[in-house]
Every structure is written in structure tokens, then in C-alpha cells.
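Since this is a predicted model, take the numbers as computed values, not measurements. Whatever order the structure lists them in is the order used to number ligands and atoms, beginning at 1.
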Amino acid sequence: MNILILGSGGREHALAWKIAASPLVTKLFCAPGNAGIAREAQCVALDIADHTAVIDFCRTQKIDFVVVGPEGPLCAGIVDDLEAAGIKAFGPNRIAAQLEGSKGFTKDLCRANSIPTAAYQRFTAEAPALAYLRAQGAPIVVKADGLAAGKGVVVAMTVEEGEAAIEMMFSGDLGAAGAEVVIEEFLEGEEASSFALCDGEHALAFGSAQDHKRVFDDDKGPNTGGMGAYSPAPVVTPEIDRRVMEEIVRPTLAAMRAMGAPFKGVLFAGLMITRDGPKLIEYNVRFGDPETQVLMLRLTSDLVPALLASRDGELGNFDVRWARDAALTVVMAAKGYPGAYAKGSMIDGLDAAASVEGVEIFHAGTREEGGRILANGGRVLNVTASGPSVGAAQARAYAAVERVRWPDGFCRRDIGRRAVERER
Ligand code: AMP
Ligand code: GLY
């Protein structure tokens with residue numbers, strides 16, 4: 001079959017790498033892709049926000065299946081439009097994508113279905129939000145309702161910080177995303193992510209991971225899209241995994257079905273593992289980036305039938321296999337990220353880095369020019385490795401990082417440290 005992947009990051013490179021290995025694939029395309037994806041798939045310069053252009057391309061190239069990477073097109077209804085045009089697509093439709101697109105929607109769904117999550121209130125005006133915040137005290141968490149590219153959450157350690165966050169969101173700094181605000185209880189515990197493939201009715205547990213959101217070592221500095229990750233997450237024990245599926249994921253699927261919006265695709269649960277068990281922090285309705293890079297390294301089954309089973313409602317009797325090995329990825333970013341950074345610097349040593357045992361290098365923001373790889377974004381490379389322990393995968397990943405010659409890039413040096421300490 002012919003498959004089209006939508007997106008251009010490290011997540012899409014990992015998906016392309018895994019999908020290209022499937023014997024079911026005749027031709028693989030990616031729009032718009034990047035320099036690494038170009039080794040696995042034919043990259044096409046499509047504007048993926050232009051659904052008509054995507055549909056036209058699918059018709060011309062006889063695409064049988066579209067795999068959507070990022071949340072933007074999902075929330076904009078790309079799956080609805082593709083399916084209406086008779087093209088199969090992996091991912092939720094626009095209404096089901098609200099599980100990521102609206103924090104208020106998800107919080108209300110949790111409350112109505114007794115799904116464990118932080119206590120909260122929703123606000124559409126500043127004055128009552130400030131009054132609630134002052135009554136609750138700090139620490140407390142202030143969130144913009146809509147998609148805000150990672151800038152919509154403020155964990156306020158003081159009431160003053162919380163007030164500033166509320167004022168910023170209602171002042172319109174985040175655009176429409178901040179027109180509504182959710183204020184919620186601060187949860188204490190260890191964070192982890194859990195993935196489930198869903199077909200509207202059934203859910204198949206699809207691995208766990210932990211990422212590193214802050215830009216600098218020791219979790220210092222501002223939040224980013226993710227500076228590294230490893231899988232599995234030791235804190236997600238088999239018992240926690242079972243509770244996540246029973247107390248969070250399955251009730252969510254049942255609730256979505258009951259409201260006439262069955263959820264298909266991958267449900268990515270951001271969790272706080274608290275003293276009382278797992279609680280939902282947020283849902284994403286797509287694969288994580290960089291979590292997918294480690295999941296794909298560990299998945300031994302063919303990914304394509306699993307994604308098709310999600311689309312076709314056939315996950316009830318489906319299973320996949322995982323390697324026993326752990327996987328870890330180190331994000332190399334352009335100096336300055338997540339603030340302003342330059343594009344166009346040259347990257348060398350990638351072949352030498354990729355030759356370290358167990359290592360795969362997934363590209364995020366790169367482009368090729370005259371046979372050279374140039375940085376073309378904030379997060380640029382995902383140096384990913386598997387190994388018999390997180391520590392072994394970590395050693396391999398950093399051995400590969402040492403071989404990358406990119407003076408204008410940087411990475412965290414402590415990815416996986418907590419898991420490695422636990423292994424000792
Ligand atoms: P989110 O975008 O909702 O994942 O939030 C970004 C980060 O804020 C999370 O990864 C957590 O570290 C933190 N966070 C969000 N909600 C809470 C909460 N209720 N309690 C504590 N930390 C939170
Ligand atoms: N790494 C977090 C995310 O993909 O949202």
C-alpha cells in the first residue's frame with residue numbers, strides 16, 4: 001500500500017523509519033518531511049494546513065492510508081476531511097481531538113466520569129479567576145484552555161505568579177487559546193507518559209516513557225517541547241499500567257463513545273504518579289515528540305497493521321511485541337532554543353555517530369543542501385539508542401552525541417539520570 005505521513009519532526013522521522021520497514025508498504029511519502037525523513041520516504045512540499053491540497057495529492061498518488069503526526073491538523077479536522085474524501089487516515093476526528101484541543105473539555109469529561117485528575121475550575125473572565133486563585137492559594141496551576149504551543153501552562157509557586165499568569169492569558173497574549181482559563185490543583189509525584197492505541201472501542205496499551213521538558217540539566221530553565229526521553233518509564237509498573245488503562249483510558253473511551261465521538265488514534269496520557277495512584281495531567285491525541293523516537297526503537301512488531309487496526313476498529317484482538325531493551329533519546333537543539341536561535345549551521349559526523357552500536361539518529365529540524373545537513377529548527381536531532389538497561393542506552397546515545405560535530409548545537413547531559421540511578 002501507499003502511505004503518506006504528515007509532519008516534519010523527529011516523531012515523524014521515527015514513524016517513517018518504522019513504517020518504511022513494513023513489508024506492507026509499496027511507496028512511502030512524507031509532507032513536508034526533513035533531511036532525515038528523505039532517506040525513508042519521498043518528501044513532498046505540501047502545506048498540510050491546506051486539506052484540499054493534501055486530498056488532491058492522495059488522489060494523484062493513490063495513497064491508501066494517511067498517518068497524521070502533529071495535533072494541529074487533527075484539531076483542524078484533517079481526518080474528517082480525508083475520510084469524507086474516501087481516504088483512510090490514522091488519528092482522531094476534529095471532535096475527538098478536543099481531548100487535546102481543549103483542556104476544559106477534558107477536565108469536564110474526567111469530572112463526569114470519575115477519572116482521577118487534579119481538582120479544577122474553568123473561567124472565561126479575569127476577576128472570578130483571580131478571586132478563585134486567591135482563595136485556593138499556592139502552589140497552583142494556571143492553564144490556557146486551547147492549544148498554545150507549550151506556553152499555556154504556568155505552575156505557580158506563589159499567588160503573585162498565578163495572578164500574573166491569569167492576567168497574561170486574559171490579556172490576549174496567547175490569542176484565542178487564552179480566552180478561557182483552567183485553574184487546577186497542584187499535584188505532587190513523579191511524571192510519566194503512557195500511550196494507548198485506540199479504535200473507538202478498544203484500547204491497546206502502547207508503552208510508557210518519561211521526557212525531560214526543561215531546557216537545561218537538573219530540570220532548570222524554561223519548558224521546551226522535550227529535550228530527551230526514555231522508555232519504558234520505571235515508575236509505570238505493571239500495576240500502575242493496569243490502573244491507567246482501567247481508571248483513565250478505558251473510561252475516557254467509553255465516555256467519548258457515549259457522546260457520539262468515538263476516539264481513534266493514539267491517546268497519550270500525561271500522568272502524575274501520586275501517592276494515591278496515577279492521575280491525568282493532560283491528554284495529547286497524537287504520538288509524543290520525542291517519546292515516539294524511543295517507542296519505535298522498542299517496538300518489534302510491524303507498526304502498519306496496528307495503525308490500520310486503530311482506523312478499522314479492529315484492536316479488540318490485536319497485540320504487539322516490544323523488545324526487552326530500553327531506549328533513550330537525547331535531543332540536540334540549536335543554541336538559543338527555546339528562545340531565538342539561528343538556522344543554517346552545518347552539522348557533521350552524523351554517519352560516525354550512527355555507527356555506534358544500537359544507535360539511530362532521527363532528524364527533527366534539518367534540511368539538506370548540496371549533500372550537507374544544515375540545522376533548520378529549534379530541536380534538530382534526536383540521538384536515540386537502545387540497550388539492555390536505560391544506563392546502557394544512555395551510554396550509547398552519549399557516545400554517539402560525542403561524534404556529532406555541530407558547534408552551534410547543544411544538548412542536556414543528564415537524560416535518563418533518574419532511571420539510571422534507580423537501576424544502580
Ligand atoms: P501540560 O502542558 O498540561 O502537560 O503541563 C506542562 C507541565 O506542567 C506538566 O508536564 C507538568 O510538569 C506541569 N503540570 C501541569 N499540570 C500540573 C498539575 N496539576 N500539578 C503539577 N504540575 C502540573
Ligand atoms: N514531548 C511532549 C509532547 O510531545 O507533547
- [ ] Work out whether the distance between some heavy atom of Glu188 and some atom of ligand 1 is less than 4.0 Å.
- [x]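 Per 4.0 Å heavy-atom rule, Glu188 does not contact ligand 1.
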Does the distance from a Lys or Arg side-chain N to an Asp or Glu carboxylate O, for [X] and [Y], drop under 4.0 Å?
X      : Y      : answer
Glu190 : Arg275 : no
Glu163 : Arg134 : yes
Arg242 : Glu239 : yes

Task: Check: Ser22/Asp302 side-chain N/O donor and acceptor closer than 3.5 Å - done: yes
Open item on the list: Quiz question: by atom type and distance under 3.5 Å, do the side chains of Trp322 and Thr300 form a donor-acceptor pair?
Closed with: no
Is ligand 2 less than 4.0 angstrom away from at least one heavy atom of [X]?
X      : value
Phe268 : yes
Pro290 : yes
Gly226 : no

Which atoms of ligand 2 are found less than 4.0 Å from any heavy atom of [X]?
X      : answer
Gly225 : 1 (N), 2 (C)
Asn284 : 5 (O)
Asp211 : 1 (N), 2 (C)
Gly288 : 4 (O)
Glu291 : 1 (N), 2 (C), 4 (O)

Task: Structural part of Arg11 in contact with ligand 2, heavy atom criterion under 4.0 angstrom - done: neither
- [ ] Examine the proximity of ligand 2 to Arg286 and report which part, side chain or backbone, both or neither, has a heavy atom under 4.0 Å away.
- [x]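 Near ligand 2, Arg286 shows its side chain, while the N, CA, C and O stay back.
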Task: Side chain proximity check, Phe268 to Val285, heavy atoms < 4.5 angstrom - done: no
- [ ] Begin from the C-alpha positions of Asp312 and Lys264 and carry the test salt bridge (charged side-chain N to carboxylate O under 4.0 Å, His left out) through to its verdict.
- [x] CA-CA 9 Å; Asp312 291 338; Lys264 292 183 174 194; over 6 Å; no
Contact atoms of ligand 1, heavy-atom distance to [X] under 4.0 Å:
X      : value
Lys213 : 4 (O), 10 (O)
Ile281 : 3 (O), 15 (C), 16 (N)
Met272 : 21 (C), 22 (N)
Glu184 : 16 (N), 17 (C), 18 (C), 19 (N)
Val141 : 16 (N), 17 (C), 18 (C), 19 (N), 20 (N)
Lys143 : 3 (O), 15 (C), 16 (N)

TODO: Using the six-membered ring of Phe90, assess whether NZ or CZ of Arg286 lies under 6.0 Å from its centre and within 45 degrees of the ring axis.
DONE: no
- [ ] Quick one: closest heavy-atom pair of Ala326 and Ser389, and the distance?
- [x]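 Closest approach of Ala326 to Ser389: CB-C, 3.8 Å.
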Open item on the list: Please give me the minimum heavy-atom distance between Arg396 and Val359, naming the atom from each residue.
Closed with: O-CG2, 3.7 Å
Open item on the list: Using a 4.0 Å heavy-atom cut-off, which part of Leu187 comes near ligand 1: side chain, backbone, both, or neither?
Closed with: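 Both backbone and side chain of Leu187 come within 4.0 Å of ligand 1.
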Open item on the list: If we set the cut-off at 4.0 Å for heavy atoms, which region of Val155 has an atom near ligand 1: side chain, backbone, both, or neither?
Closed with: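 For Val155, the contact with ligand 1 is made by the side chain alone.
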Open item on the list: Which label fits Trp17 and Phe362: parallel for a plane angle under 30°, tilted from 30 to 60°, or perpendicular past 60°?
Closed with: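 The rings of Trp17 and Phe362 stand perpendicular, inter-plane angle above 60°.
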Open item on the list: Return the CE to OG1 distance between Met296 and Thr329, rounded to the nearest 0.5 Å.
Closed with: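 Here the rounded value is 13.0 Å.
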- [ ] For ligand 2, find out whether one of its N or O atoms is nearer than 3.5 Å to an N or O atom of Lys213.
- [x]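 For ligand 2, there is no N or O atom that lies under 3.5 Å from one belonging to Lys213.
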